[in-house]
Amino acid sequence: MMQQTVPNTVFERIRGDIGQNDVVLYMKGTAVFPQCGFSAAVVQVLSQLGVKFKDINVLEDNEIRQGIKEFTNWPTIPQLYIKGEFVGGCDIVREMYATGELQQLLESKGVSFNQAA
Amino acid sequence: MSVALHINYILTDALKPVEIQVVDQSHLHAGHAGARPEGETHFQVIIVSSLFAGKSLIERHRMVNDLLFDLLRDRVHALSLKAYAPGEPR
């Protein structure tokens, strides 16, 4: 088990963000200006699906950058959350999009997206 | 030992893959945040193991992440992973 090295307030902020927003992407850079190819790839998938999401730039907040890795127990950024549930990083999101699994997940969670995509 | 070989050893030992490729893609990310001048920061792993059968994508990634925990924390900036069970479509 990973030892927690960030304050509990960081986990509370993460719980707040993923609880109050249907789709949250922890990423490097912003949706408009991603600063990492892997983050950009996830933004591209969500944009193609027309999914509205909250982008959280971990480069601007070192506590969140470390905290989200511990919260999810996942070592890398980007990290996608849908309705409070961790979906995956870049590889998983791209693969789920290609197979249609991501679209099924959005539908089952009641998140609106462009069905034609 | 190169980092790629190190990754290969760890995963081969634990997951007994029927196929494994570890490719150092650091040159594609030169100058990018997280890249180091000496390289060996970005890797792609393609691995086929019967231990992945019946497991979700997240479970497969977690298996690999857990095995490479120290490397991912200290050495490797990015790991792209394709994990299949034998016979699954690529």
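Throughout, a chain's letter reflects where its sequence line sits, starting with A, and its residues are numbered from 1.
For a residue to count as touching a neighbouring chain, one of its non-hydrogen atoms must lie under 4.5 Å from one of that chain's; by this rule B:R62 touches chain A with backbone and side chain alike. With a 4.5 angstrom heavy-atom cutoff, B:L68 does not touch chain A via any of its atoms. Proximity to chain A (any heavy atom under 4.5 Å) is restricted, for B:L72, to the side chain, taken from C-beta onward. A:T72 touches chain B through backbone and side chain together, each having a heavy atom under 4.5 Å away.
With rounding to the nearest 0.5 Å, the separation of CG in B:L81 from OG1 in A:T76 is 10.0 Å. Annotation: the span from A:E95 atom CD to B:L57 atom CG amounts to 4.5 Å, rounded to 0.5 Å. Interatomic distance, OG of B:S80 versus CZ of A:R94, reported as 6.5 Å (0.5 Å rounding). Considering CG of A:N73 and CG of B:N65, their distance stands at 8.5 Å, rounded to 0.5 Å.
Linking Ile, Leu, Val, Met, Phe, Trp and Tyr whenever their side-chain heavy atoms come within less than 4.5 Å leaves A:I77 and B:F43 in two separate clusters. Criterion: ILVMFWY side-chain heavy atoms under 4.5 Å apart, direct or through other members. Under it, B:V48 and B:F52 are not part of a common hydrophobic cluster. When hydrophobic clusters are built by joining Ile, Leu, Val, Met, Phe, Trp and Tyr residues whose side-chain heavy atoms come closer than 4.5 Å, directly or via intermediates, A:L59 is not grouped with A:F71. When the side chains of ILVMFWY residues are joined at heavy-atom separations under 4.5 Å, either directly or via intervening members, A:L25 and B:I58 end up in a single hydrophobic cluster.
No more than 12 heavy atoms of other residues, nucleotides or ligands lie within 6.0 Å of NZ in B:K82, so this atom counts as exposed by the packing criterion. Surrounding NZ of A:K52 are at most 12 heavy atoms belonging to other residues, nucleotides or ligands under 6.0 Å away.
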